[in-house]
2 protein chains.
Amino acid sequence: MTSTATRGTGAARQRIIDAAVALFFEQGAGGTSLQMIADRSDMTKAAVYYHFQAKEDILLAVITPALEGVAQVAEAAAATRSRSASLDILITGLIDQVIENRRLGAVLWADPTIAQVVVSHPMLQDVGIRIHRQLIGPNPDPATRVRVSMFGASLKAASDPALADLDADTVRQQMLDAARRLLGLRPPRSAT
Amino acid sequence: MTSTATRGTGAARQRIIDAAVALFFEQGAGGTSLQMIADRSDMTKAAVYYHFQAKEDILLAVITPALEGVAQVAEAAAATRSRSASLDILITGLIDQVIENRRLGAVLWADPTIAQVVVSHPMLQDVGIRIHRQLIGPNPDPATRVRVSMFGASLKAASDPALADLDADTVRQQMLDAARRLLGLRPPRSAT
DNA sequence: GTCTATAAGACGATAGAC
DNA sequence: GTCTATCGTCTTATAGAC
């Protein structure tokens, strides 16, 4: 269904993707070789090449589903008229995304190799540009822009090893609370 | 004077370090080869090896001065009795550090390869642990820990290409302001 | 669908000329 | 202090057996 897929029904393919995410998180995408991915997937290098034609295809398979989640958040926010409600959908949705897959969040928002791949694929880059515009809103003064950049970078906290002992829901709630304060928002309805 | 230095008086050595920082920022430390560093420094690979015995020595030469700046911030904060004053020294000092070298900040706080090198050198790791403890303070509840993680990650904003057109002082002031709100601090004396 | 075997080149690192 | 030339290893990627 997805254009990235070359062959493979799914089981071994997913094992490769999971191994890749773990290694990208630990070593960075640039520091990860196909041999490492093959070893973690309990396969040979050649078996990996059966499922993916090139290393970049593995990168894309890792990135694409995550960016699809982000794209859905952008759509939901665009469907709202009120600026403050739309902003709240954005930060809630983005935090939900990085909590849902805590490791993937770090890879997606911080790895330079991933950033290069995203930039070289306009369809992926558009998602990033669109959500960035929505976050900044109609008033792009320096204060807002700096806050939005800090918020984006702060999403990496979800995968901070120092917070690994906290359960997902606590991190989610605290991140949401802190993000609202960072961006200068009131809680939408019920207070903390 | 520094134990990292192997040979070289300084000129070519610094060119290598500058090239390395730029490449680590663009490609990640794991994705940067000695050949790339040599090309950017307008040298051959062998000439680079005259100044540094191994690739890791280049990493250390990049990290060490930056971490020394962080260590000074930690010392200044430790010399203060008041908790809120010490916290303010910490966030002001750390933001000053990442503004001073906007590219190095991103590398230092986000690259997995750098993180691995820091962990393997106890002296460097201690600096990170100490400043983390000081930021969290005597009351390590989940809310504080999540906020501190977000603050640390948010320092990467200083090197966000989307903010490259803003002058350093604007970014510094806005980051400081946002960080205080994120961590729930009052401005120490004069308001914004 | 997974394997062995291998190609062609880039990798980190060294030796020795100048 | 910088060079060329080279080492053995590891890299991405392919071909073809099973």
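Proteins come first, then strands; the chains are lettered A, B, ... in the order of their sequence lines, and each starts at number 1.
- The separation between B:Leu59 atom CG and C:dA13 atom P is 11 Å, rounded to whole Å.
- Going from atom CZ of B:Arg13 over to atom C1' of D:dG1 covers 14 Å, rounded to whole Å.
- The pair B:Arg180-B:Asp88 counts as a salt bridge, with a side-chain nitrogen and a carboxylate oxygen less than 4.0 angstrom apart.
- Whole-Å rounding puts the B:Asp57 CG to C:dG12 C1' distance at 13 Å.
- Whole-Å rounding puts the B:Gln27 CD to C:dC11 P distance at 11 Å.
- Looking at heavy atoms from C-beta onward, B:Val62 lies out of side-chain contact with B:Leu108 at the 4.5 angstrom threshold.
- Ion pair B:Asp177/B:Arg181 flagged as a salt bridge, since at least one NZ, NE, NH1 or NH2 atom sits closer than 4.0 Å to an Asp/Glu carboxylate oxygen.
- Checking the phosphate oxygens (OP1, OP2) of D:dC3, a side-chain nitrogen or oxygen of B:Thr44 falls inside 4.0 Å.
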Check: protein-nucleotides 12-15 of chain D nitrogen or oxygen pairs below 3.5 Å:
unit_1, atom_1, unit_2, atom_2, d
D:dT12, OP1, A:Leu34, N, 3.1
D:dT12, OP2, A:Leu34, N, 3.1
D:dA13, OP2, A:Tyr49, OH, 2.9
D:dA13, OP2, A:Lys55, N, 2.9
D:dA13, O5', A:Tyr49, OH, 3.2

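- Between A:Thr144 and A:Leu183 the shortest side-chain heavy-atom distance does not fall below 4.5 Å.
- C:dC3 atom P lies 12 Å from atom CG of A:Asp39, rounded to whole Å.
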Would you please test B:Arg13 and B:Asp18 for salt bridge (Lys or Arg N to Asp or Glu O under 4.0 Å) and show each step? CA-CA 9 Å; B:Arg13 197 184 147 86; B:Asp18 292 342; over 6 Å; no
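- A salt bridge between A:Glu100 and A:Arg172 is absent, with no side-chain N of the basic residue lying under 4.0 Å from a carboxylate O of the acidic one.
- In this model, the phosphate group of C:dT2 is not approached by any side-chain N or O of A:Tyr50 to a distance below 4.0 Å at OP1 or OP2.
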